[in-house]
Amino acid sequence: MHSYSRQSINQADIEAVIEALQSEYITQGPRVLEFERTIASKVGAEYAVAANSATSSLHLACLALGLSAGKRLWTSPNTFVASANCGLYCGAEVDFVDINPATYNLCPIKLEEKLIAAEQTNQLPDVLVAVHMCGQSCDMAAIGRLAKQYNFRVIEDASHAIGGKYHDEYVGNCRHSDITVFSFHPVKIVTTAEGGMAVTNDAELAKAMESLRSHGITRDPSELKDVNQGAWYYEQHALGFNYRMTDLQAALGVSQLTRLDEFVERRNQLAQRYNEKLASLPLITPTLLGNCKSAWHLYVIQLAEPSCRRRVFDTMREQGIGVHVHYIPVHTQPYYQALGFDWGQFPVAEDYYHAALSLPLFFDMTEDEQDQVVAALSDAISSALNIS
Ligand SMILES: Cc1ncc(COP(=O)(O)O)c(C=O)c1O
């Protein structure tokens, strides 16, 4: 348990990758398309565009939505830096909306307050990145309503949330958003080693992301400006990137997806078990809203006595237990401080951060291992409280 999470690779996954390796294409072959189609149909979206990471997918999503210099992206401070950096990549200004202390997700009430103030000064956002922290969906109906009222576009950063549900439907159907992004890093629910995917119901957005993923180049005869050329011919129509996923990664992804519901079910069982075992300790366990099924990428507790967090963390790490902290509020990173942000601006995310501790949670975790974590946590808190 040296890490808070890790991949679960079975023999079928290994065979799928070997088969891809022995095939004609190891990149840009049929498996990427198959992976895209499988995800789209699983989550209920029309289109899916794979990429080499969720960071790349977020960048592609922002570009497809027209984010550029002079425009604004808002997101949660309680996220990995990639959810905000994608706005900076496009030259846009980035700002944050504080979180709901119970769900750890961006708070729609605070969002509305900030939108009302921004309207007065003509500084409404163009894009909002709603991060489904730990695997629990944001209040997407409320966010979608505000997006219509204040005319901004919405990206769901569902890096933590593939296989999770909102109102009984898989996260990713984009009912209240323009684009949803998933991550397939090994600590996530399903993995392709590195990898990301953007899903959408908008054909134009999908086409833009597909083009920008591969240098802004097209070979589609219906799009070429010069149609009197040979089969070698291609044209670059935009400044794109090489953000492509390989067929080796996609082969792993397709194989992993067959276990998606199983992965999420087991994570739910383990999270429920943590809730029960930790109930009597001086800490707050995560709050799940009734309309959500979390994918449980992370299980984050908040210590009742935040001043103990460092000691509890160090004690558990010394015992080889891979606790972690998610997330240092993005606006407090030195890079963001240099842009003008500072501590004190988003106090709920900051208070949460000071108390937060992520406990190990992964598909192959045994109940014995989980009991060890609970016992070690209980001891670490007791001794930290006695010392302080
Ligand atoms: C919320 C969130 N967004 C984006 C990313 C970036 O994902 P990737 O590592 O696939 O680029 C992460 C990765 O940890 C994340 O947690």
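As the structure lists them, so they are numbered: ligands from 1, and atoms in each ligand from 1. Source: prediction; values computed, not measured.
Residues lining ligand 1 at a heavy-atom distance below 4.0 Å are given as Ser53, Ala54, Thr55, Leu58, Thr79, Phe80, Ala82, Ser83, Val131, Asp157, Ser159, His160, Ser183, Lys188, Gly195, Tyr327, ordered by chain and residue number.
Under the side chain to side chain contact (heavy atoms under 4.5 Å, CB included) criterion, Ser5 pairs with Val187, Arg267, Phe362, sequence neighbours left out. Taking Glu93 as the reference, Arg72 meet the side chain to side chain contact (heavy atoms under 4.5 Å, CB included) condition, with sequence neighbours excluded. Contacts of Gln11 classified as side chain to side chain contact (heavy atoms under 4.5 Å, CB included), with partners at least two apart in sequence or in another chain: Ile14, Glu15.
A donor-acceptor distance shorter than 3.5 angstrom exists from the side chain of Asn268 to the backbone of Ser294, with no hydrogens or angles considered.
Tyr4 and His326 have their aromatic ring centers within a separation under 6.0 angstrom. Two rings, from His215 and Phe241, have their centers 6.0 Å or more apart.
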